[in-house]
Enquirer: 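Dumping the structure here so I can ask a few things about it.
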Amino acid sequence: MSVLSQLNPRQKEAVKHIDGPLLVLAGAGSGKTSVITRKIAYLIQSCGYSARHIAAVTFTNKAAKEMKERVGQLLQGDQSRGLIVSTFHNLGLNIIRKELKTAGYKSGFSIFDGTDSRALLKEILHKNDLDDDQLDLIQQQVSQFKNDLKTPSDALSMAQSEGEQRIAIIYEHYQKYLKAYNAVDFDDLILVPTLLFRQHPEVLEKWRNRIRYLLVDEYQDTNGCQYELVKLLVGKFGRFTVVGDDDQSIYAWRGARPENLVQLNEDYPNLQVVKLEQNYRSTGLILKAANQVIANNDHIYEKALWSDMGFGDPIRVIKCKTEEVEAERIATEIIDQKLKSNAQFLDFAVLFRGNHQARLIEMKLQQFQIPYKLSGSTSFFSRNEIKDIMSYLKLIMNPDDDTAFLRIINVPRRQLGAQTLEKLAGYAQERGVNLLGACAEMGLETLMPPQAVDKLRRFHHWIEGLTRRCAEEDPIATIKEMINDLDYEAWLHQNSNTPSQAERRMKNVWYLVDSIEKMINQAEEKGDELSFDDAVARLVLRDLLERQAEEEELDQVQLMTLHASKGLEFPHVYIMGLEEDLLPHRNSIDADTIEEERRLMYVGITRAKRHLTLTLAGKRRQYGEDQETSPSRFIEELPQDDLQYEGFGQASVEQQKERGSAAIAGLKNMMNI
DNA sequence: TGACGCTGAGTTTTT
DNA sequence: CTCAGCGTCA
């Protein structure tokens, strides 16, 4: 059976266009993953491409994983050998790995996550006697510089004001420290390969020869640097397919540039554009609602989603007295719906704008004993125990990582005081060595008491031993032994509020170790080789296998932010808090970024397959006092004829019965417009 | 080093 | 209101 057989004409067109650059505008639920995966299969089976010359790039590990699975179903055995399906960051990481010397890094380099970067920036600010009250802004700026391919000297020469100059200088320091620590941050994973390709044509040539066809998913989410990397890789022939949807661009606030969709037209005049407009997910009314809301935004490429799945049930808009009633209503609705539609809990999703909104609904779900899963809560990696162990791993692989050194030198307690460490740091700087290395130097005796020197030496010796054993013997066994040696469990018990908390945290630690072990074993089974530091790097990139898979199996109501819902679908969707200042959010109204809020609404609506319910509260407790709310403007933008209003005042019963044009007038009346 | 109290913020966060 | 983060004090 051909890989083309189950595709609609537009999808086929997208798959078969292989000679030049292709942009696929894929509306929500239009089968874009099918197009990408089938195109990969098509390139291999019908166009003579070898799998190892194809790369598909996504933004999330989850998407990459799904894509790998689906490609695997289309190809037999070794047909997919060498195929690259990875996130942008993982691809960047691999490029840096392979071009380590040219890129100017030493092996075992560390990857700083957002928290690490933040901490480093903070330290730099403090060292320069600057306030850290604008830390977030500065971090954002630095990230922006990198996304725009600006080096510190670029930033410095472009600075228009003293403030900008100051940020540029901080950026310069920041880069210097990263380099000294033999570390890269998340942005560098894209930036470093991009600059490398620019500066070393021979390296670029090598990679162009390796990746001869490139596919990019969620293209509207690329930033400037990512686009540049794509452009460099595909060269002037433009053998690529990018898939995106400007209406689902909800990460502009984080540097994503949906304009990149337009830019393609200019950069590749022979760009072919294919629109996927048939939606296979939602009923007609849901789709109509989505279309009508998003029609209020400006569009470069017009697009009209349609569905042949029938009209379906009307969309309900329920106004509740308070946020508490709203949460309770959703909980009871779910129980009700579940019985009526014979659905499972996992068929329901409750979506909201801000994480804090989860609290109330969580409470109510607990009250009604409804199982739920809250996604996006405190990340596994922000847990202290994980950061501790990760720091040990980082230091073992990268002696230059002073940040890791400082994090763990006293965890657990090694009786090394602030004074000793300060002296050590001063000495290290003087001698131009890293902190770990400084521990072994002879000059220490003149600076500090012999007990302190002894402790530092022992630590150094111990880490060195671990490094050696990780390289020469079994790294997993070494790490397990290390954790026991540390008596980390005792430390956790000492530093936890309850024994059960300590146990939970220890379980996290073992989970981390197991993940690394599994990752290595899994790679081995597939015949790949995954070194220990590869595995650790992938952990930093949040490529944690199995974890989600296990949890998704459970029959739980899905609770998440609208942002987190992108790419998912559910038979029954509740979007709560449809109020001005919440959705759209106050800050977005002020910042005049309503269009992005509208896209967020659009994403939310298009998650629903069959039932969509929008709720709002008449009163909401904000900063300690009850505030009257007004319904979101997005409600007015919906097709009023298809809505079933409830709770909008005394006329609501009539309204429900005689839906139609009167509803608009009725609603507006009620809202005093 | 830990506990306590003050202050200020309070969207979204794929990697 | 509620919680994190910080500084102070014992």
Side-chain angles (χ1 to χ4, degrees), chain A residues 57-66 86-93 111-119 122 126 131-133 135-136 139-140 143 146-147 184-191 217-223 225-226 248-256 323 351-360 375-379 381-382 410-413 415-418 494-495 497 537-544 548 560-568 577 581-591 593 596-597 599-601 603-604 620-627:
Chain A
V57 187
T58 65
F59 275 86
T60 65
N61 292 308
K62 201 175 161 191
K65 194 180 159 198
E66 191 194 338
S86 80
T87 62
F88 260 107
H89 291 83
N90 227 318
L91 177 66
L93 173 66
I111 301 170
F112 274 36
D113 68 15
T115 325
D116 299 329
S117 302
R118 210 184 124 88
K122 193 171 175 178
H126 287 165
D131 260 357
D132 65 7
D133 54 352
L135 187 57
D136 284 327
Q139 188 176 15
Q140 226 180 312
S143 179
K146 294 191 173 192
N147 291 168
V184 294
D185 65 15
F186 278 161
D187 295 322
D188 284 338
L189 289 173
I190 316 294
L191 179 67
D217 191 18
E218 302 278 16
Y219 184 73
Q220 76 283 349
D221 290 341
T222 50
N223 61 39
C225 193
Q226 283 159 340
Q248 291 187 70
S249 161
I250 53 174
Y251 287 110
W253 55 274
R254 232 175 66 173
E323 52 188 333
L351 311 181
F352 36 78
R353 176 67 235 259
N355 275 313
H356 64 275
Q357 286 173 270
R359 235 215 243 155
L360 258 175
S375 40
S377 52
T378 349
S379 141
F381 288 92
S382 59
N410 265 320
V411 175
R413 293 272 106 83
Q415 321 286 333
L416 288 157
Q494 228 175 80
N495 288 280
N497 295 322
R538 282 180 55 186
L539 284 183
V540 182
L541 292 183
R542 313 289 135 100
D543 192 1
L544 257 187
Q548 284 112 346
M560 68 189 84
T561 62
L562 286 159
H563 282 91
S565 75
K566 194 171 84 162
L568 306 175
D581 292 359
L582 196 56
L583 180 63
H585 194 273
R586 178 78 248 163
N587 296 354
S588 293
I589 298 172
D590 292 341
T593 53
E596 182 146 313
E597 295 288 295
R599 290 192 289 269
L600 206 45
M601 178 76 193
V603 166
R620 190 171 287 278
R621 225 187 335 280
Q622 230 176 51
Y623 314 138
E625 57 183 332
D626 277 352
Q627 300 238 296

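Below, chains carry the letters A, B, ... as their sequence lines are ordered, and counting in each starts from 1. Quick caveat: nothing in here was measured; it's all calculated off a predicted structure.
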Enquirer: Is there a salt bridge (charged side-chain N to carboxylate O under 4.0 Å, His left out) between Arg620(A) and Asp581(A) once you walk through the steps?
Expert: CA-CA 11 Å; Arg620(A) 190 171 287 278; Asp581(A) 292 359; over 6 Å; no

Enquirer: Might you point out which heavy atoms bring Asp185(A) and Lys146(A) nearest each other, and give the distance in Å?
Expert: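 Looking at all heavy atoms of both residues, the closest pair is OD2-NZ, 2.7 Å.
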
Enquirer: Can you give one letter per nucleotide of nucleotides 4-10 of chain C, going 5' to 3': B for a protein heavy atom under 4.0 Å from the base, S for sugar-phosphate only, - for none?
Expert: --S----

Enquirer: Closer than 3.5 angstrom, by distance alone: can the side chain of Gln248(A) be matched with the main-chain N or O of Glu218(A) as a donor-acceptor pair?
Expert: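 Looks like no, no N/O pair under 3.5 Å.
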
Enquirer: Please check if atom CZ in Arg621(A) has more than 12 non-hydrogen atoms from other residues, nucleotides or ligands closer than 6.0 Å.
Expert: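 No, the 6.0 Å shell around CZ holds no more than 12 heavy atoms from other groups.
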
Enquirer: Using the P atom as the reference point in each nucleotide, state the distance between dT2(C) and dT13(B) in Å, no decimals.
Expert: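 These two P atoms come out 22 Å apart once rounded.
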
Enquirer: Does any N or O in the side chain of Arg542(A) come within less than 3.5 Å of the main-chain N or O of Val540(A), such that one atom is a donor and the other an acceptor?
Expert: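 The answer is yes, because a donor-acceptor pair under 3.5 Å joins these two groups.
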
Enquirer: At under 4.0 Å between heavy atoms, which parts of nucleotides 2-9 of chain B does protein reach? Answer with one letter per nucleotide, 5' to 3': B base, S sugar-phosphate only, - none.
Expert: S-------

Enquirer: Could you state the CD-C1' distance from Gln139(A) to dT13(B), rounded to the nearest angstrom?
Expert: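 Interatomic distance, CD of Gln139(A) to C1' of dT13(B): 11 Å.
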
Enquirer: Once you round it to whole Å, what is the distance between P of dT13(B) and CG of Asn223(A)?
Expert: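 Rounded to the whole Å, the gap is 18 Å.
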
Enquirer: Set out, line by line, the N/O atom pairs under 3.5 Å between protein and nucleotides 10-12 of chain B.
Expert:
unit_1: dT11(B); atom_1: O4'; unit_2: His585(A); atom_2: NE2; d: 3.3
unit_1: dT12(B); atom_1: OP1; unit_2: Asn355(A); atom_2: N; d: 2.7
unit_1: dT12(B); atom_1: OP1; unit_2: Asn355(A); atom_2: ND2; d: 3.4
unit_1: dT12(B); atom_1: O4'; unit_2: Arg353(A); atom_2: NH2; d: 3.3
unit_1: dT12(B); atom_1: O2; unit_2: Arg353(A); atom_2: NH2; d: 2.4
unit_1: dT12(B); atom_1: O2; unit_2: His563(A); atom_2: NE2; d: 3.2

Enquirer: Can you tell me how far C1' of dT15(B) sits from NZ of Lys566(A), to the nearest Å?
Expert: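 Taking NZ of Lys566(A) and C1' of dT15(B), I get 13 Å after rounding.
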
Enquirer: Could you please spell out the steps behind the side chain to side chain contact (heavy atoms under 4.5 Å, CB included) verdict for Leu562(A) and Leu583(A)?
Expert: CA-CA 10 Å; Leu562(A) 286 159; Leu583(A) 180 63; 3.9 Å; yes

Enquirer: Taking the side chain as every heavy atom from C-beta outward, state whether His89(A) and Leu93(A) have any atom pair closer than 4.5 Å.
Expert: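 The answer is no; the side chains never approach within 4.5 Å.
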
Enquirer: Should the pair His563(A) and Trp253(A) be assigned to parallel (<30°), tilted (30 to 60°) or perpendicular (>60°) ring geometry?
Expert: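 Perpendicular: the ring planes of His563(A) and Trp253(A) meet at over 60°.
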
Enquirer: Heavy atoms only, 4.0 Å cut-off, all strands: where does Arg359(A) land among base, sugar-phosphate and nothing?
Expert: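 Result for Arg359(A) = sugar-phosphate.
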
Enquirer: Show the nearest heavy-atom pair for residues Ser249(A) and Arg599(A), with the distance to one decimal.
Expert: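 Reported closest heavy-atom pair: O-NE, 2.6 Å.
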
Enquirer: Taking atom P of dT2(C) as reference, at what distance in whole Å does atom CZ of Arg621(A) sit?
Expert: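 Taking CZ of Arg621(A) and P of dT2(C), I get 8 Å after rounding.
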
Enquirer: Reckon Asn61(A) touches a base, only the sugar-phosphate, or nothing at all at heavy-atom distances under 4.0 Å?
Expert: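 Answer is sugar-phosphate: Asn61(A) comes under 4.0 Å of backbone atoms only.
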
Enquirer: Output yes when at least one side-chain N/O atom of Asn90(A) is less than 4.0 Å from OP1 or OP2 of dT15(B), else no.
Expert: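 Indeed not, no polar side-chain atom of Asn90(A) lies that close.
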
Enquirer: Using the side chain to side chain contact (heavy atoms under 4.5 Å, CB included) rule, take Thr561(A) and Arg353(A) through it: C-alpha gap first, then chi angles, then the decisive distance, then the call.
Expert: CA-CA 6 Å; Thr561(A) 62; Arg353(A) 176 67 235 259; over 6 Å; no

Enquirer: Can you check the Asp185(A) CG to dT15(B) P distance for me, whole Å?
Expert: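 It is 16 Å, rounded to the nearest whole Å.
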
Enquirer: Within a strict 4.5 Å, meaning less than it, do heavy atoms of the Phe88(A) and Thr222(A) side chains meet?
Expert: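 Yes, their side chains come closer than 4.5 Å.
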
Enquirer: For dG5(C) versus dT12(B), give the span between their P atoms, rounded off to a whole number of Å.
Expert: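 Their P atoms lie roughly 14 Å apart.
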
